[in-house]
Structures are given as C-alpha cells and as structure tokens.
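All values below were derived from every heavy atom in this structure, side-chain atoms included, with hydrogens, water molecules and symmetry-related copies excluded. Sequential numbering from 1 along the given sequence is applied to the chain's residues. Computed from a predicted structure; not experimentally measured.
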Amino acid sequence: MSENVIHLHKPTGSPSPDTTPTVLTVVPDPAPSRPVPLWVRSGWAVKTAVTHETTRATVRAAARHASYTFNGGRIVARRTWDGRTGSRYERMIRTAEAAGNLEAAEEWEERLQRFRAARHHRRMDLLHSPVEAARGVAVSAGMSVGVLVALGVALALHTGNVGDVVTPLAATIEFIALLIRIVQIVWGPALTIGPFLALLALWSVGRKQHAAPQWALPANARSSEGEQITPSIVVKALRDLGIPALRKAITEMGDAGASMLGPITLAGCGVEVDVTLPSGVSTNEVQGKRRKLAENLTRHKHEVFITIPQAARTVRLWIADSGALDEPIGPSPLVTDDTMTADYTKGRAPWGQDLRGDAAALSLYQRHLLITGLSNQGKTVALRSLALWLSLDRSVQFLMGDLKGVGDWAMFDGLATTLIQGPTDEHVIQVTEMVESAVDEMNRRIQAPPGTVFPPLIVLVDEAQVAFMCPAKDDDKRPYGGSKSNSRYFMAVRKIHNQGRAVNVLMWQGTQDPTNENLPKLVREGAHTRASLALGTESQARMALGDKAVDGGAAPNLLRPGLDRGTLVVASDGITIPAGQSSITVRTHYIDDDAATAITNRAKALRDGVTTLHAIDHSEERDPLADIAAVIGDAPRVRTKDVLARLATRNAGAYGGWSFIDLKRVLDDADASPYKSDGVMVVARDRVARALANRDTNGSASSD
C-alpha cells in the first residue's frame with residue numbers, strides 16, 4: 001500500500017511558469033440603466049422649446065406689438081389730455097421754476113391764462129350753439145327747398161309739363177333715401193371693424209415712438225447697437241453724469257427734465273439738441289464729463305460733441321449715429337467735376353463735410369492760413385487740397401517750400417513760380433530766402449499807387465516746424481530758425497502777417513506736433529484761418545486754435561489719432577460756423593497724388609506757362625532778356641504787366657522796381673519790342689527767342 005505525503009507548510013518560493021495557476025476573472029454584466037422619468041424628459045422638451053430662438057423671436061414680437069398698442073393708447077391719451085387741459089402749461093411752469101428761470105415761468109403762465117380764456121369762450125358759445133344750429137338748419141332747409149322748387153318751375157316751363165315742378169325735389173329725396181340705405185348697410189360692419197381700426201391706429205403711434213421694452217425691440221433698434229436718441233434718454237444721461245446740482249434739479253422738475261431740451265433735430269449722420277442747464281450748473285461741468293455722457297448715451301466718446309452756443313447756460317449736443325463717423329465721405333468735387341474753376345476773391349474751396357453732412361467750403365480771400373496736427377494725420381493732403389482748388393484760378397501765383405521733401409508737392413512743378421523740396425538746413429535757407437523775396441514783393445506792392453490791384457501771391461511752407469527749429473546761421477550770425485527778433489524765417493513770416501493781406505500776399509503754413517519752440521505764439525496768432533487735426537493734449541489744442549475756440553468746445557485733442565485721419569477742427573470766419581459756436585469740425589476729402597496731378601494739369605492748361613525755380617538765385621548779375629524768356633515760358637504772348645509781375649516774383653531785388661519803361665528799353669535794345677494785341681500791350685515769345693538766338697550767334701551779351 002502506498003503512502004501519500006501531505007505538506008502542512010505553505011511553499012515560500014516563487015512558482016515556476018509551469019506551476020503558476022491560471023486565474024479566471026469573472027466580470028458581471030452591467031446593471032441596466034434606470035429609465036429617465038417622464039417628468040424629466042418633459043422638462044427637457046419644454047426647456048428646449050422655450051429657449052429656442054424661434055420661440056424667443058415669437059415672444060419678443062408678441063410683447064413688442066402688444067406694447068405698441070398699449071403704450072400707443074397711453075401716448076394718445078396723454079396728448080388728448082394735454083390738448084384739452086392746461087396740464088402742459090402747468091408742467092412747464094413747474095419746470096421753469098425748478099430751473100430758476102422766472103422769465104420763462106411768467107411766459108408760460110401768460111400762455112396758460114390765454115388758453116383758459118379761449119376755453120371759457122368756447123364753452124360759453126356752446127350755450128347758444130343749439131339755438132343757432134337749429135336756426136341754421138331751418139334756414140338751410142328752406143333755402144334748399146326754395147332752390148329745388150325754382151329749378152322745377154324752370155324745368156316745367158321748358159317742358160310744358162306741370163309735374164316737372166316737383167321733379168328736382170323728388171330726385172333729392174330719393175338721393176337722401178339712397179344715402180340712408182348705404183349707411184344702414186355699412187353701419188353694422190363699421191361697428192365690427194371700427195375697434196380694430198382704432199387698435200391699429202394706436203399700434204402705429206406706439207411703433208413710431210418705439211414704445212416697447214428694449215429687449216422686445218428689433219435688433220437694429222436696441223441699445224447694444226446705439227440707442228435711438230429720445231428726450232427721455234438724453235435727460236437720463238444728463239441726470240446720471242454725477243453732477244449733484246443737475247441731478248437734483250431734474251428730480252424736482254415736474255416733467256422730469258424734458259423742458260431742458262430743445263427740439264431734437266436730424267443733423268447729418270446724427271442728431272443735435274440744445275440743453276438749457278438749470279441754475280447752479282455751469283457749461284464747463286458738462287463739457288468735462290464728455291466721456292461719461294457719451295457712454296450714458298450708448299456712444300463712444302468721439303461720437304458726442306459738446307459746444308457752447310450764444311444762449312446763456314446752454315450746451316449744444318451733437319450725437320452721431322453709432323459707427324457713422326467711421327464711414328468715409330465721398331470724393332472731392334475737384335476730382336469728380338473736370339469743369340470746376342476757382343475764384344480767389346469770391347469763391348470757396350470745397351474742403352469736405354461737416355458733422356451734419358453739409359458741404360464745408362472755405363474762403364481763402366486775404367486770409368493767412370495755419371494747419372497743424374500730429375504726424376501722419378492728413379495735414380499735407382488737407383493743405384494741398386486748398387492749393388489745388390486755388391490753382392484753378394489762373395491769376396494766383398505760388399511760392400512753395402516743402403521741408404519734408406518726399407514729393408507731396410511735386411505736381412506743382414511747372415505751376416509754382418518757386419518750388420523747393422527737401423528737409424536739410426540748405427533747403428531751410430532756400431525757403432527762408434524765398435519768403436524774404438515775398439516780403440520784398442509785398443513792400444513793392446505797398447509802394448504802388450492807391451487802388452492798384454495785385455494778383456494773389458500764396459507763400460506756402462509745409463513742415464514749417466523744420467524752419468523754426470533750424471540751427472543754421474548766415475554770415476552775419478543771424479539764425480535762420482528760432483523766434484527772436486533777428487531770426488530770419490520768423491521775421492519774414494511776421495512781416496507778411498502784418499502787412500501782406502492788404503496787397504494779396506498770403507502766408508500758408510503746415511506744421512506738426514506744435515510747441516512754443518517749433519510754432520511761436522506770434523506766428524500762430526497771425527493766421528486768420530487756423531485748423532487742427534488730432535493732437536495729444538489740450539495745451540496743444542490751445543496753441544493750434546486759440547483759447548476762445550477751445551473754451552467754446554473745440555477739442556482736436558479728443559480726435560483719435562489714426563482713426564480720425566483727415567478730420568480737423570477749424571476756427572475761421574472764412575467758413576460757415578453754426579451761430580454761437582467758435583469752431584467747426586470738418587471731415588476733409590482725400591485727394592491722392594494721381595488725382596492731384598490731374599488737377600494741376602488742368603490748372604497748367606489755364607496758364608501761359610510757368611518756369612519753376614527749384615533754388616533761389618544768388619547771382620548779382622542778371623540777364624534780363626533770358627529772364628524775360630523764362631517767365632514767358634511756352635505762351636505765344638504774355639501781357640507786359642504779367643511779365644513785370646513774374647519778373648518781380650522771380651527776383652524782387654533785380655526787378656522789383658521795374659516799370660513798363662524799363663521792360664520796353666531792354667526789349668527795344670534786343671529788337672523784341674512789345675506791341676499791342678487785342679488792345680493790350682504784350683511781349684511775344686518768338687521775338688524774344690529770336691533776339692536771344694541772334695545775340696548768341698553774334699557773340700554779344702546783354703547785361704543790365
């Protein structure tokens with residue numbers, strides 16, 4: 001018999017792969033999910049249906065149209081009550097008293113008394129009206145019957161039938177019976193349809209007034225895209241400005257401040273309203289809250305402008321449509337109208353549009369001009385557009401200095417008498433001498449006999465701050481830049497500002513980023529027309545436009561650099577400014593280089609030909625015959641007085657004192673004498689060219 005050995009201890013060694021037992025893991029089936037209760041699924045379905053956009057739109061539409069009808073009824077009832085009673089006048093009296101305006105309160109009280117007297121008169125008339133009405137009906141009926149009988153008698157006499165006497169009367173009775181039958185037929189449906197028509201009328205009133213909650217209004221009328229400006233919205237915005245006296249006055253007014261507002265009128269791409277402030281609130285307090293006021297009106301800061309009209313304690317608000325100021329304006333008429341001409345004396349340059357959307361045109365007649373702003377805001381384009389328009393007047397002469405020198409004024413080559421382009425000190429010296437030559441021309445004109453009419457001479461310097469900041473000095477140690485009494489550019493500009501206007505010598509300057517160093521006070525205050533694009537600070541705005549304009553609401557420092565490029569604030573009597581304001585904001589037309597070249601080509605075609613100097617000639621010895629040929633240019637003939645004017649502009653030192661006798665002497669010596677053509681003395685280009693050719697051939701030289 002075999003023995004089985006049983007080990008009573010557990011083996012401690014690791015089992016070999018052959019002896020490792022196989023372990024089977026049994027995974028039970030997942031428990032079945034519990035069914036979602038019916039009330040939960042119903043809630044999900046209800047939530048989906050309620051929050052669906054179609055449901056929301058339907059609810060908004062239903063609430064909107066119901067509100068239109070209900071609130072329309074309230075509006076009509078309020079209007080009817082105001083029309084039948086003196087509540088409107090009493091409300092205005094309480095408002096005027098709360099605002100401290102006793103004169104207005106007395107005026108409204110007088111109107112209330114007149115209204116009550118007229119109402120009493122009408123009520124007294126009602127006591128006698130039944131008798132008068134009955135008498136009138138009896139008289140009218142009798143006269144009507146008499147007329148019909150007379151007509152019947154005439155008809156009977158004509159036909160010979162006595163029965164025709166009552167024919168008109170019978171026809172009238174039948175017509176009245178027909179009208180009664182029509183009324184009987186229509187009366188029933190009218191009673192049924194009438195209430196619906198009345199509700200439709202109330203709905204129409206409410207819809208026009210947007211008398212519905214904001215959430216129920218259409219998307220384009222909600223405050224998220226720019227709230228429609230209504231009296232209640234303006235008053236609420238003023239009330240929430242954080243001015244205690246203003247808030248208290250509005251709260252105490254019987255009409256909740258509505259009488260503070262004038263009519264809200266459409267003004268271009270926005271609306272305009274005058275606000276008469278209550279006693280104890282100053283206009284500058286409201287001006288200082290411009291950002292908060294704009295945000296209260298659901299607008300950006302740049303979309304609200306606050307100006308001070310002539311009326312006391314009044315501010316004028318111009319509120320743009322949301323996003324309207326970011327839309328470009330149309331092209332300039334100079335570009336679209338090839339037939340446009342200019343008139344320096346009586347015309348106005350088409351510069352752009354004001355905020356109301358009206359054309360903004362500027363008179364340039366005998367007005368010095370200054371345009372300033374930060375860099376790259378459109379200063380050169382704004383200044384150039386004025387010069388482009390004026391170039392279409394063939395009598396205007398230009399002396400131009402571009403101290404930027406990147407070709408912005410290159411299209412005036414062949415149109416301007418002098419055109420200097422470049423930013424270096426040498427260019428500043430040339431520009432300074434150009435301005436000094438204009439001073440010499442001005443002095444020559446001043447010494448002319450009284451009554452002499454001179455062609456306009458525009459001395460234009462772009463980037464003038466380069467000239468004021470130039471450190472160069474001449475041989476006598478006089479600085480070209482600066483603002484001292486020996487500064488050459490500064491003194492030349494001042495002389496033109498002082499006396500040039502009287503003889504049509506005008507100074508136009510464009511500068512950037514003004515300071516007291518690069519735009520001296522005496523120079524900026526010498527300009528009659530001052531305009532500014534976007535600036536950085538209020539102090540710069542005062543430099544650019546003056547204290548009066550800024551105190552009156554002008555704020556170029558609030559324009560957005562880059563975004564408001566080409567928008568400038570103008571202070572000038574040469575542009576139409578709303579009554580009571582000291583400045584106007586203009587969005588200028590943009591004219592690119594190609595369009596500007598096309599305009600100057602039209603201007604050149606109007607002239608006899610101009611030879612443009614690109615540097616000031618320092619030579620002491622002149623060749624008069626050659627200079628005469630140069631100023632004649634390509635024209636076949638030029639009037640002698642125009643030749644004298646061009647010679648003086650070319651070199652005032654050599655030719656500023658010339659008369660017709662001096663010109664004739666030089667031409668007679670060269671066998672190129674002037675002659676009469678169409679009744680005026682002229683100089684022929686061919687004669688002068690022949691004289692030059694003969695002189696060169698003979699090897700002789702003429703000098704004077």
Side-chain angles (χ1 to χ4, degrees), residues 99 104 208-210 221 223 225-241 246 250 255 257-278 281-327 329 351-361 549-556 558-560 564 567-572 575-588:
K208 290 181 179 179
Q209 297 294 325
H210 291 281
S223 59
E225 294 189 7
E227 214 170 352
Q228 183 182 6
I229 301 302
T230 61
S232 60
I233 291 174
V234 176
V235 172
K236 184 177 181 297
L238 292 168
R239 185 195 66 192
D240 297 339
L241 277 183
L246 180 59
I250 292 175
D255 61 349
S259 63
M260 295 169 52
L261 308 183
I264 297 179
T265 58
L266 292 176
C269 57
V271 296
E272 189 174 72
V273 58
D274 284 354
V275 181
T276 302
L277 301 176
V281 182
S282 63
T283 55
N284 61 351
E285 287 182 281
V286 177
Q287 280 185 308
K289 300 279 188 176
R290 179 182 174 187
R291 178 182 293 278
K292 192 169 186 178
L293 177 61
E295 292 174 351
N296 289 348
L297 293 168
T298 66
R299 296 295 191 273
H300 295 291
K301 183 178 180 180
H302 71 276
E303 294 175 330
V304 174
F305 287 80
I306 305 173
T307 54
I308 310 298
Q310 287 180 337
R313 280 205 340 260
T314 301
V315 293
R316 179 168 295 160
L317 307 181
W318 185 85
I319 307 162
D321 297 335
S322 185
L325 293 183
D326 295 328
E327 298 293 330
I329 64 174
W351 211 7
Q353 294 179 0
D354 61 16
L355 296 179
R356 304 172 66 95
D358 299 329
V550 175
D551 292 338
L558 298 182
L559 295 174
R560 300 167 297 169
D564 289 327
T567 299
L568 44 76
V569 183
V570 186
S572 171
I575 193 170
T576 303
I577 297 178
Q581 296 181 200
S582 56
S583 64
I584 186 172
T585 301
V586 176
R587 304 173 69 196
T588 58

Minimum side-chain heavy-atom gap Asp274-Thr276 below 4.5 Å:
no
Taking every heavy atom of Thr307 against every heavy atom of Pro309, the minimum-distance pair comes out as O-CD, 3.5 Å
Can you measure from NZ (Lys236) to CD1 (Ile250) and round to the nearest 0.5 angstrom?
11.5 Å
Do Trp351 and Val570 have side-chain heavy atoms sitting under 4.5 Å apart?
yes
I need the Glu303 CD to Glu295 CD distance, nearest 0.5 Å.
11.5 Å
Could you tell me which non-hydrogen atom of Val304 sits nearest to which non-hydrogen atom of Arg299, and how far apart they are?
CG2-CB, 4.0 Å
Looking at every non-hydrogen atom in both residues, tell me the closest pair between Ala360 and Asp354 and how far apart they are.
CB-N, 4.1 Å
Would Arg316 pass as a cation-pi partner of Phe305, given that its NZ or CZ must be under 6.0 Å from the six-membered ring centre and within 45 degrees of the axis?
no
Closest heavy-atom contact between Gly552 and Gln287?
C-NE2, 4.2 Å
Does the pair Asn296 and Arg239 meet the rule for a side-chain contact (heavy atoms from CB on, under 4.5 Å), with working shown?
CA-CA 10 Å; Asn296 289 348; Arg239 185 195 66 192; over 6 Å; no
With heavy-atom distances below 4.5 Å as the criterion, would you say the side chains of Thr567 and Thr588 are in contact?
no
Looking only at heavy atoms, which two atoms of Ile577 and Ser583 are closest? And how far apart?
CG2-O, 3.5 Å
Report the distance from atom OG1 of Thr283 to atom CD1 of Ile306, rounding to the nearest 0.5 Å.
10.0 Å
Give, for atom CG of Asp240 and atom CG of Leu297, the distance between the pair rounded to the nearest 0.5 Å.
10.5 Å
Taking all heavy atoms of Met260 and all of Leu246, pick out the closest pair and write down the distance.
CE-CD1, 3.9 Å
Name of the residue among Val235, Thr230, Val234 meeting side-chain contact (heavy atoms from CB on, under 4.5 Å) with Ser232:
Thr230
Could you state the interatomic distance from CD1 (Ile229) to CG (Leu317), rounded to the nearest 0.5 Å?
9.5 Å
Step-by-step side-chain contact (heavy atoms from CB on, under 4.5 Å) determination, Val275 to Val286:
CA-CA 10 Å; Val275 181; Val286 177; over 6 Å; no
When rounded to the nearest 0.5 angstrom, what is the spacing between CG in Leu277 and OG in Ser282?
8.0 Å
